[in-house]
Amino acid sequence: MFLKVQLPWNVIIPAENLDAKGLMLQRSIVVCLLADFAKKHATKDLGYYLAVSTLESIGEGKVRQQTGDVLFPVVFSGITFKIFKGEILEGVVHKVLKHGVLLRCGPIENIYLSSMKMLDYRYVPGENPVFLNDKTSKIEKDVVVRFVVLGTKWLEAEREFQALVSLEGDYLGPVS
């Protein structure tokens, strides 16, 4: 789900980027904010950071004694992406394994659909392995699949989410 969030942030402008006339200050703040935002990647509470939409306010700068850099508190609005238990989403299969498939959905790379959670499908090995059902519906690499989220897990070290999903429910499965 996409979320619109308002975030406080501290932007540090190196002393060499400061202009005596102050004309380039706002531009420097925005450039540093975008760079910091891109490095952050994701948080457990808000999900994946996708975009800064508006810069709401820039506070008064405080000079850091040791370096001469200036710290500006800013508030901005942004867009994040986070999945929730029970949510129905679509993802693209990027790997077919004997016991299930791995999908991508937005910025999330590790979504696991177990073969036990797609009851009508059976694994067919080969050079390009697939899962088939009796209605000749196929789950293979690069197929879009609609699924329901059973649970999510935040991995702090990698700063990313993992999810376990299922096809048990109405209108779930490969999307044609």
Side-chain angles (χ1 to χ4, degrees), residues 1-95 100-114 117 142-167 169 172 175:
M1 174 182 297
F2 293 100
L3 305 171
K4 184 174 182 184
V5 295
Q6 195 169 50
L7 294 168
W9 208 272
N10 289 322
V11 176
I12 298 171
I13 305 295
E16 58 270 11
N17 290 6
L18 295 172
D19 182 20
K21 297 176 186 144
L23 297 175
M24 299 301 286
L25 183 59
Q26 186 167 2
R27 182 180 183 280
S28 293
I29 290 171
V30 171
V31 168
C32 287
L33 172 63
L34 291 173
D36 290 350
F37 187 77
K39 287 180 203 166
K40 189 77 169 175
H41 190 60
T43 64
K44 183 178 182 179
D45 296 331
L46 298 173
Y48 292 87
Y49 293 136
L50 299 181
V52 173
S53 53
T54 55
L55 184 58
E56 304 289 338
S57 68
I58 300 173
E60 188 175 318
K62 295 179 180 77
V63 177
R64 300 177 108 192
Q65 295 299 322
Q66 299 85 359
T67 61
D69 298 344
V70 181
L71 182 135
F72 289 93
V74 299
V75 177
F76 67 94
S77 294
I79 307 293
T80 64
F81 180 81
K82 185 175 180 184
I83 60 175
F84 296 95
K85 183 178 177 178
E87 189 173 16
I88 295 175
L89 297 168
E90 291 181 0
V92 178
V93 175
H94 69 93
K95 196 168 194 179
V101 296
L102 289 173
L103 302 123
R104 289 186 182 110
C105 177
I108 303 174
E109 298 277 328
N110 296 313
I111 297 174
Y112 182 65
L113 172 58
S114 171
K117 294 298 179 181
D142 298 326
V143 166
V144 176
V145 177
R146 184 176 300 125
F147 55 83
V148 62
V149 178
L150 297 177
T152 63
K153 179 180 178 182
W154 169 250
L155 303 172
E156 184 64 45
E158 291 86 9
R159 301 198 65 73
E160 66 181 21
F161 285 92
Q162 289 181 336
L164 180 63
V165 300
S166 172
L167 298 185
L172 301 179
V175 178

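Rounded to the nearest 0.5 Å, atoms CG (Leu167) and NZ (Lys117) are 10.5 Å apart. Leu46 CG to Leu7 CG: the interatomic distance, rounded to the nearest 0.5 Å, is 6.0 Å. A distance of 5.0 Å separates CZ of Phe147 from CG of Leu89, quoted to the nearest 0.5 Å. Here CH2 of Trp154 is found 5.5 Å from CZ of Phe161. Values are rounded to the nearest 0.5 Å. Residue Tyr112 holds its OH atom at 7.5 Å from CG of Leu102, rounded to the nearest 0.5 Å. Remark: Arg27 CZ to Cys32 SG distance equals 10.0 Å, nearest 0.5 Å.
With a 4.5 Å cut-off on side-chain heavy atoms, Val74 and Leu33 count as touching. Using a 4.5 Å heavy-atom cutoff, the side chains of Tyr48 and Ile108 are in contact. When side chains are defined from C-beta on, Val175 does not count as touching Val145, because their heavy atoms never get closer than 4.5 Å. Residues Ile13 and Phe72 have side chains in contact (heavy-atom distance under 4.5 Å, counting atoms from C-beta outward). You'll find the side chain of Val11 stays beyond 4.5 Å of the side chain of Leu71, heavy atoms only.
Contact between Asn10 and Asp36 at its shortest, heavy atoms only, is O-OD2, 4.1 Å. Taking every heavy atom of both residues into account, Ala163 and Ile83 meet most closely at CB-CD1, 3.4 Å. Minimum heavy-atom separation, Val149 to Val165: CA-CG1, 4.0 Å. Between Ser53 and Gly78 the shortest heavy-atom distance is OG-N, 3.7 Å. Considering every non-hydrogen atom in both Val148 and Gly86, the closest pair reads CG2-O, 3.7 Å.
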Fill in: Evaluation steps, side-chain contact (heavy atoms from CB on, under 4.5 Å), between Val92 and Val143
CA-CA 6 Å; Val92 178; Val143 166; over 6 Å; no
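If you check the side chains of Gln26 and Ser28, you find no donor sitting under 3.5 Å from an acceptor. Side chains of Ser77 and Glu56: a donor on one and an acceptor on the other come within 3.5 Å.
Although no hydrogens or angles enter the test, the distance criterion places a donor-acceptor pair under 3.5 Å between the side chain of Lys82 and the main chain of Lys44.
The stretch residues 150-161 participates, sequence neighbours left out, in these salt bridge (Lys or Arg N to Asp or Glu O under 4.0 Å) pairs: Glu156-Arg159. Contacts classified as side-chain hydrogen bond (donor to acceptor under 3.5 Å, both in side chains) and involving residues 84-95 (residues at least two apart or in different chains) are given here: Glu90-Arg146.
Checked against the 6.0 Å centroid threshold, Tyr49 and Phe37 count as a close aromatic pair.
In this structure, the side chain to side chain donor-acceptor pair (under 3.5 Å) partners of Thr67, at least two apart in sequence or on a different chain, are Asp69.
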